[in-house]
Amino acid sequence: MAPTPDPNSVGGGARKDEASVKVPSKDPKKKDDKKEDDLSEEDLQLKQNLELYVERVQDPNPDLQRAALESMRQEIRASTSSMTSVPKPLKFLRPHYGTLKAFHQTMPASDLKKCLSDILSVLALTMSAEGQRESLSYRLIGTEGDIGSWGHEYVRNLAGEIAQEYTKRQSEEAPIDDLMELVQQIVAFHMKHNAETEAVDLLMDVEDLDLLLEHVDKTNFKRTCNYLTSAAKYLPGPDDMLVLDISYMIYMKFEEYPNALQIALFLDNTQYVKQVFTSCANLLRKKQFCYMIARHGITFELDDEMVADEDDREALQDIVNNTKLSEGYLTLARDIEVMEAKTPEDIYKAHLLDGRASSGASVDSARQNLAATFVNAFVNAGFGQDKLMTVPSDSTTGSSGNWLFKNKEHGKISAAASLGMIQLWDVEAGLAQLDKYFHSNDNPILSGALLGVGIVNSGIKSDCDPALALLGDYVDKEDSSVRIGAIMGLGIAYAGSQNDQIRSKLSPILNDAKAPLDVIAFASLSLGMIYVGSCNEEVAQSIIFALMDRSEAELGDALTRFLPLGLGLLYLGKQESVEATAEVSKTFNEKIRKYCDMTLLSCAYAGTGNVLKVQDLLAQCGEHLEKGDIHQGPAVLGLAMVAMSEELGIDMEIRSLERMLQYGEQNIRRAVPLALGLLCISNPKVTVMDTLSRLSHDTDSEVAMAAIISLGLIGAGTNNARLAGMLRNLSSYYYKDASLLFCVRIAQGLVHMGKGLLTLTPFHSERFLLSPTALTGIVTLLHACLDMKPIILGKYHYVLYFLVLAMQPRMMLTVDKDLKPLSVPVRVGQAVDVVGQAGRPKTITGFQTHSTPVLLAAGERAELATDKYIPLSPILEGFIILEENPDYREE
């Protein structure tokens with residue numbers, strides 16, 4: 001007979017273990033016993049009270065129930081104040097959650113049932129299973145009382161559950177009114193308790209941002225709008241536009257006009273811009289708006305609604321037309337004491353290198369002189385004097401024509417045009433200097449003078465339209481170089497102006513069977529620039545027909561690339577508007593079809609940060625294709641164009657470009673350096689600098705040339721010493737290779753552009769706004785660099801001057817109410833992102849105090865170091881008007 005099992009053996013064994021090794025037991029009773037030993041007397045008391053309440057709640061007597069519920073509620077509320085751990089009452093009520101739930105279902109509908117619902121809703125905070133949304137469902141059948149009194153954590157949890165419930169109900173098309181009432185309460189609670197970001201998140205989830213307008217007040221509207229505008233970059237369309245619309249309305253409601261104007265410019269909404277002008281009565285503030293519009297580089301006509309008084313209107317229109325830019329820039333240059341002209345030799349600093357490089361310089365002298373022309377033009381841009389072109393003719397060095405004739409045929413175009421660059425933004429002086437070349441019988445010189453006129457007028461608008469008057473008649477001349485000079489000049493001078501007179505001059509060229517290909521290419525490019533981002537149907541039609549008329553042989557030509565680019569520029573940043581044209585482009589000859597497709601896609605989504613488009617473009621770049629395919633170049637550039645709008649996108653893009661260098665085919669590798677140059681333009685990040693430096697010694701000379709030009713772009717206008725050193729070493733490394741040496745020289749000119757006072761970045765206003773004309777100039781140059789040999793190293797080197805569209809002084813200049821420069825102390829430091837942070841955090845770090853005018857490098861921000869004046873714009877960049885602070889008291 002089997003021995004009867006000892007009933008205590010298992011239990012006894014377990015008990016021994018528990019004593020010796022404390023193995024956690026599966027038996028909940030024992031666990032509770034252990035816990036009770038650990039609890040302090042107060043906690044024990046609380047636990048027993050709560051258990052008593054739970055029993056009493058189930059009592060049939062309603063008075064007892066009510067008292068018990070009331071006490072339970074008091075206990076829970078008193079304890080939710082600390083959020084570092086789970087509140088004690090919630091912890092002790094956990095085991096009873098199930099009992100209370102079951103009892104709740106049996107209760108008849110009454111006030112008591114609602115009270116219990118409230119308590120269960122709070123218990124569900126720690127108890128309910130994932131995805132059950134019990135807290136919310138009990139809340140909805142509970143009392144209508146104030147939810148804030150249950151504590152912050154409870155409200156946040158509810159908000160999260162509402163978002164899920166909302167999505168579910170939307171898909172089932174169920175009514176959502178009860179949810180929206182709760183949302184009202186929660187938003188009001190959050191806005192009172194400095195949790196603007198959470199209120200905004202909830203409203204985005206339930207797609208009802210209009211509620212914000214009721215709840216914002218003077219104390220929190222700035223933080224709310226800050227969060228809205230920075231969130232807009234990461235939202236899919238059309239939500240991003242909606243969010244910006246709301247922040248525009250909030251800014252207008254609190255009369256924060258400069259910020260409202262920025263958003264209006266970002267949305268490219270002329271109606272909104274007008275509204276800002278008509279809502280604001282203060283003339284000085286309107287002047288500040290004009291400076292902001294001028295910096296953004298759009299053509300804008302003020303009418304009598306916006307500014308009633310005619311004299312005032314003229315003064316303001318002058319500011320919008322940017323006529324003050326040259327004056328302000330020269331004020332900055334005098335202040336920093338860099339007025340003295342520099343020669344190319346000052347930039348090359350050949351004496352710092354070993355003997356071989358300096359001696360080998362005389363090999364290809366026309367090419368070297370051409371490089372020196374560009375370096376001289378970039379370095380002395382806007383200063384109005386240099387040592388090559390503006391030398392007075394009676395001085396000992398002979399006549400000023402000398403340098404012109406040191407250049408070969410097409411070199412003279414760039415040499416004559418460089419005069420326009422040196423006189424940049426100063427229209428009267430520039431036209432006077434260029435006038436003498438208009439009487440020349442030498443076609444390249446005439447062509448250069450025409451281009452020079454366009455360059456001088458870049459970004460400066462004028463009622464008398466000097467550029468159109470001078471260049472209009474030359475568009476239809478015989479000689480194609482003269483025509484190109486005039487066409488390109490018009491494109492640069494009127495970029496973004498949507499001027500119909502010029503369209504009627506240039507459109508016929510596109511469909512003229514006799515016109516040479518290069519003239520047609522430049523005409524399409526200029527039209528794209530003049531109508532940038534306008535989605536103009538007629539211009540698009542003429543460029544499409546011009547593309548369809550090209551023969552097989554012409555489609556293989558490098559310049560044909562400018563036709564799809566001109567088409568793409570019409571849709572720059574306009575997202576979906578490009579789709580109809582993209583469909584048409586699928587009917588083109590297969591040689592150019594995909595190239596056109598990629599160019600249109602990359603232009604339309606430029607600066608939007610659209611993740612889906614980045615994926616499309618990456619897919620194109622991942623294919624390994626035959627040699628003849630050229631569409632991957634614009635796809636790589638497109639990646640940079642789409643991702644360049646925010647820091648996170650830039651960092652991710654730099655990483656994917658690294659991958660492409662490792663796995664991509666040759667035509668992708670040639671475009672990667674250019675894409676890097678665009679991502680970090682005028683912002684020499686060390687990692688990117690090192691990558692480009694490595695590529696500048698690449699075995700494939702095309703890759704090396706692209707990398708060298710990009711080194712120039714990332715350092716453009718920064719005078720970066722490390723870059724300058726790299727380029728000097730490259731100049732001695734490539735001293736025998738004329739083409740590469742030419743690229744090194746150009747890059748050196750770019751790094752020292754404007755003696756370090758200029759920048760090429762198309763972003764301004766703390767990287768919020770993207771200037772379409774500036775991006776146009778950069779993208780055009782990059783497309784030209786996809787095929788260096790025939791364009792930049794061939795006879796079309798003057799496309800380098802398209803960069804003038806992006807050149808802007810990187811200054812902050814403070815002026816008084818009469819717009820005269822006024823020197824005040826400012827702190828300049830690295831900008832800090834303070835969106836959504838509590839309190840009033842510092843917006844800059846590691847600052848130095850200077851007196852204005854000051855230079856701002858990439859990622860830097862300025863703030864006034866004195867309370868004596870109040871700036872009329874919250875973003876201290878460019879021209880800032882200061883008002884005297886009426887409350888200021890001298891110490």
Side-chain angles (χ1 to χ4, degrees), residues 248 251-252 255-329 331 425-428 456-469 493-502 530 534 764-765 769 771-773 808 813-822 870-875 877-884:
Y248 170 80
Y251 278 138
M252 288 302 279
E255 301 187 358
E256 196 70 20
Y257 298 122
N259 298 70
L261 177 64
Q262 272 199 305
I263 290 175
L265 290 173
F266 184 90
L267 293 169
D268 197 11
N269 186 329
T270 330
Q271 260 339 91
Y272 276 2
V273 178
K274 280 188 175 162
Q275 209 176 326
V276 173
F277 271 97
T278 47
S279 316
C280 174
N282 180 334
L283 186 69
L284 257 190
R285 297 187 79 173
K286 287 187 182 175
K287 286 185 179 169
Q288 183 65 61
F289 302 157
C290 292
Y291 277 129
M292 291 165 79
I293 292 174
R295 171 65 182 92
H296 194 49
I298 55 172
T299 306
F300 188 73
E301 289 294 327
L302 297 167
D303 57 27
D304 45 9
E305 271 179 51
M306 295 186 244
V307 188
D309 184 73
E310 198 166 320
D311 297 345
D312 288 345
R313 188 161 66 248
E314 274 188 17
L316 289 176
Q317 189 66 52
D318 265 358
I319 301 178
V320 173
N321 291 346
N322 237 337
T323 45
K324 303 270 188 293
L325 186 59
S326 172
E327 204 180 303
Y329 178 59
T331 307
W425 304 319
D426 186 350
V427 180
E428 284 175 17
V456 162
N457 283 288
S458 164
I460 310 290
K461 303 167 191 65
S462 162
D463 302 338
C464 57
D465 278 341
L468 185 55
Y494 291 98
S497 66
Q498 303 184 22
N499 185 318
D500 288 333
Q501 275 176 288
I502 302 178
I530 293 164
S534 67
H764 60 98
S765 303
L769 288 174
S771 163
T773 44
Q808 285 289 346
L813 178 73
T814 44
V815 293
D816 59 15
K817 58 180 189 299
D818 306 320
L819 309 187
K820 296 279 174 283
L822 173 70
I870 302 172
L872 290 186
S873 157
I875 287 170
E877 280 177 30
F879 290 88
I880 298 291
I881 303 174
L882 298 180
E883 254 184 335
E884 295 211 354

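Everything numeric here is computed off the predicted structure, so don't read it as measured data.
Summarising the geometry, atom CD1 belonging to Ile298 is positioned 9.5 Å from atom CG belonging to Leu769; distances are rounded to the nearest 0.5 Å. One distance of note links CG of Asn282 with OH of Tyr257; it measures 10.0 Å at 0.5 Å rounding. The NZ atom of Lys324 sits 12.0 Å away from the OG1 atom of Thr331 when rounded to the nearest 0.5 Å. Atom NZ in Lys286 sits 7.5 Å away from atom OG1 in Thr278 (nearest 0.5 Å). Taking CD of Gln275 as the reference point, atom CD of Glu305 lies at 11.5 Å (rounded to 0.5 Å). Distance check, rounded to the nearest 0.5 Å: CE of Met292 to CD1 of Ile880 gives 8.0 Å.
Considering all non-hydrogen atoms of both residues, Thr299 and Gly496 come closest at OG1-O, 3.6 Å. The nearest pair of heavy atoms linking Leu302 to Cys290 is CD1-SG, 4.4 Å. Nearest heavy atoms, Thr773 versus Gly297: OG1-O, 3.9 Å.
Ser873 places no side-chain N or O within 3.5 Å of a backbone atom of Pro258 that could act as its donor or acceptor partner. Remark: side-chain polar atoms of Tyr494 are not paired, donor with acceptor, to backbone N or O of Asn499 under 3.5 angstrom. Without hydrogens or angle criteria, Asn322 side chain to Gly459 main chain gives a donor-acceptor distance under 3.5 Å. Checked by atom type and distance alone, the side chain of Gln288 pairs as donor or acceptor with a backbone atom of Ile881 at under 3.5 Å.
The aromatic rings of Tyr291 and Phe879 sit parallel to each other, their planes meeting at less than 30°, with 60° as the upper class boundary. The aromatic rings of His296 and His764 lie tilted to each other, with the angle between the two planes from 30° to 60°.
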